[in-house]
Amino acid sequence: RLTLIVPWADAILFAEFLRQLDESYEQFVGQEYAMHQTGVVPIFATMFASMIISTVYSYLFATVAITLMMIMLLRNVADGLLSMVPNLLPVMMMISAMVLAGLPMDIFTMLLGSIALGLSIDDTVHFMHGFKRNFAIHGDAPRAVEETLMSTGKAFMVTTVVLFFGFMTYTL
């Protein structure tokens, strides 16, 4: 029995550490004696890897489900698909920036992404509903956009600013 004490780190890094530990063990000891990893580190490594994979599948499922709901809400396939662009673009841009910067995708960033997606979908539903209502009243698209922004747009701005500063506390 061998107990290793490792420094606390991001649990997603433990999977690579455990893989290297297996390779080193097999290289030095061979396959004559089996090694079984137990304890908190293997559990966390497995758990966080599963959570990230599960979160990716959840994102994909949510995107398909929300797109279908937007199509039904707007009663038009093209409008429903088009309404998803401003919802998915910020998340895709942030993921791209994180990959380019070499930042890890961890549970916290995945959680923030799902919150951002939910908020943008909520704003889109309110905006599209207000736009359709104002467009039905006036029949003028620019006026409908202006009136929608003057009513629901104010609420969007307040919630966006509040949430921005709330999430900025996590950077500390």
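Only a predicted model underlies this, so the values are computations on that prediction, with no experimental measurement involved.
- Rounded to the nearest 0.5 Å, atoms CG (Asn134) and NZ (Lys132) are 12.5 Å apart.
- Side-chain heavy atoms closer than 4.5 Å link hydrophobic residues (I, L, V, M, F, W, Y) into clusters, and following such links, even through other members, never connects Val162 to Met168.
- Across all their heavy atoms, His36 and Ala34 have their closest contact at NE2-CB, 4.0 Å.
- More than 12 heavy atoms of other shown residues, nucleotides or ligands fall within 6.0 angstrom of atom NE2 in His138.
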Pairs under 3.5 angstrom only: tabulate donor-acceptor contacts from the side chains of residues 46-57 to other protein residues two or more places apart or in another chain.
| residue | atom | partner | partner atom | Å |
| --- | --- | --- | --- | --- |
| Thr46 | OG1 | Pro42 | O | 2.9 |
| Ser50 | OG | Thr46 | O | 3.0 |
| Thr55 | OG1 | Met51 | O | 2.6 |

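- No side-chain donor-acceptor contact under 3.5 Å links Glu23 and Gln27.
- Separation of atoms OG1 (Thr160) and CG (Leu119) is listed at 8.0 Å; rounding is to 0.5 Å.
- Here the closest non-hydrogen pair linking Phe131 and Ala141 is CE1-O, 3.7 Å.
- Between atom CD of residue Glu146 and atom CG of residue Asp140 there is a gap of 9.5 Å, rounded to the nearest 0.5 Å.
- Counting heavy atoms from C-beta outward, Gln37 and Asp22 have side chains that approach closer than 4.5 Å.
- Rounding to the nearest 0.5 angstrom, the gap separating the CD1 atom in Ile66 from the OG atom in Ser83 is 10.0 Å.
- Under a hydrophobic-cluster definition in which Ile, Leu, Val, Met, Phe, Trp and Tyr are linked whenever side-chain heavy atoms come within less than 4.5 Å, directly or via other members, Leu74 and Ile71 are assigned to different clusters.
- At a threshold of 4.5 Å between non-hydrogen side-chain atoms, the residues Val158 and Lys154 do not count as touching.
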(request) Check the pair Leu60 / Val64 against side-chain contact (heavy atoms from CB on, under 4.5 Å), numbers first and verdict last. (result) CA-CA 6 Å; Leu60 294 174; Val64 170; 5.8 Å; no

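- In terms of modelled atom types and a separation under 3.5 Å, the side chain of Ser151 and the main chain of Thr148 share a donor-acceptor contact.
- Put simply, NE2 on His129 and CG on Leu73 are 8.5 Å apart, with the number rounded to the nearest 0.5 Å.
- Evaluated for a side chain to side chain contact (heavy atoms under 4.5 Å, CB included) with Thr63, the options Asn87, Leu88, Ile121 yield exactly one hit, Leu88.
- Counting non-hydrogen atoms of neighbouring residues, nucleotides and ligands closer than 6.0 angstrom, the CE atom of Met35 exceeds 12 such neighbours.
- Partners of Phe127 under the ring pair (Phe, Tyr, Trp, His ring centres under 6.0 Å) rule, at least two apart in sequence or in another chain, do not exist in this structure.
- Within 6.0 Å of the CD atom in Gln20, the count of heavy atoms belonging to other residues, nucleotides or ligands exceeds 12.
- Using a cutoff of 4.0 Å between basic side-chain nitrogens and carboxylate oxygens, Glu16 and Arg19 are scored as salt-bridged.
- Atom CE of Met94 is surrounded by 12 or fewer heavy atoms from other residues, nucleotides or ligands within 6.0 Å.
- No donor-acceptor pair under 3.5 Å is formed between the side chain of Ser24 and the backbone N or O of Leu21.
- Residue Met70 holds its CE atom at 10.0 Å from CG of Leu82, rounded to the nearest 0.5 Å.
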